[in-house]
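By convention here, the first residue in the shown sequence is residue 1. As the structure lists them, so they are numbered: ligands from 1, and atoms in each ligand from 1. The figures that follow rest on heavy atoms only: side chains count, while hydrogens, waters and symmetry mates do not.
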Amino acid sequence: MNIILFGPPGAGKGTQAKILEQKYGLKQLSTGDMLRAEMAAGSPLGVKVKGIVDAGSLVPDDIMIAIIAERIDQPDCKNGFILDGFPRTEAQAQELDAMLTQKGKRLDAVILLEVDEKILIDRIRTRIAQTAQAGDAKRADDDEEVLKTRLEAFRKQTAPIFPFYEKKGQLEKVDGMQPVEAVTAKIDDILATKKAA
Ligand code: AMP
């Protein structure tokens with residue numbers, strides 16, 4: 001089963017992806033996590049994207065497409081994958097489509113976690129406070145101004161992709177403001193319907 005999880009930063013995509021990973025034996029592919037790992041390792045790619053990621057802007061499409069094309073071929077994706085943070089632009093969505101067709105794979109579900117932006121800003125304030133309290137290192141993009149840039153990137157660059165999936169009858173909207181378990185239950189229902197189809 002191959003799934004895309006869409007939602008603005010802070011909507012709970014990562015949390016749900018981890019749950020789906022455990023439940024269905026899928027592999028979560030978080031492009032944000034991959035980029036942060038490259039940055040932490042100080043790799044040439046990490047050095048190249050650091051300024052962009054820290055500012056909350058989007059990394060160029062060709063870089064992201066190459067990362068995903070290589071990643072979904074790995075053996076740990078054989079049962080399927082959950083894309084978390086990709087695609088984020090129309091070009092990425094179209095390339096993903098072409099790539100999957102070429103590899104003989106398909107998308108089983110495209111899920112959008114819908115949330116209220118004001119509540120997201122409150123959530124990130126809480127996350128920053130909790131990180132500080134725990135004495136953990138703060139993510140450079142965990143910052144209110146940067147969050148606003150990321151929300152704008154979501155609205156302007158990612159939201160316009162939704163009609164692409166809507167037209168194909170693939171987009172499933174889930175209220176991401178519900179408790180984690182309720183969101184998971186709704187996603188389970190969607191996946192059960194898709195599997196039965
Ligand atoms: P995330 O953890 O998914 O919110 O990603 C963190 C940051 O990584 C984003 O704000 C972007 O700078 C970058 N990023 C992650 N995925 C993508 C993508 N598919 N396209 C462009 N930039 C991305």
| query | Out of R36, Q92, K50, who gets a non-hydrogen atom closest to atom 20 (N) of ligand 1? | reply | Q92
| Closest candidate by heavy atom, reference atom 19 (N) of ligand 1, pool G85, A55, G10 | G85
Protein heavy-atom partner closest to [atom] - residue, atom, separation in Å:
atom                    : value
atom 10 (O) of ligand 1 : R150 NE, 3.6 Å
atom 15 (C) of ligand 1 : R88 NH1, 3.4 Å
atom 16 (N) of ligand 1 : T31 OG1, 2.8 Å
atom 7 (C) of ligand 1  : V53 CG1, 3.9 Å
atom 22 (N) of ligand 1 : V59 N, 3.1 Å

| note | Going by the 4.0 angstrom heavy-atom rule, the piece of L35 near ligand 1 is side chain
Would a 4.5 Å heavy-atom cut-off, applied to side chains only, mark [X] and [Y] as touching?
X   : Y    : answer
I3  : K194 : no
I67 : F86  : no
C77 : R71  : yes
N2  : R106 : no

| Polar side chain donor-acceptor pair, D188 to Y24, under 3.5 angstrom | yes
| task | Would you mind running through ligand 1 and noting each atom that sits below 4.0 Å from a heavy atom of S57? | result | 11 (C), 12 (O)
| note | Rounded to the nearest 0.5 Å, the CD1 atom of I52 sits from the CG atom of L35 at a distance of 9.0 Å
| What about L26 and F6, same hydrophobic cluster or not, with Ile/Leu/Val/Met/Phe/Trp/Tyr joined at side-chain heavy-atom distances under 4.5 Å? | no
| query | Counting both backbone and side chain atoms, is some N or O of M64 under 3.5 Å from an N or O of ligand 1? | reply | no
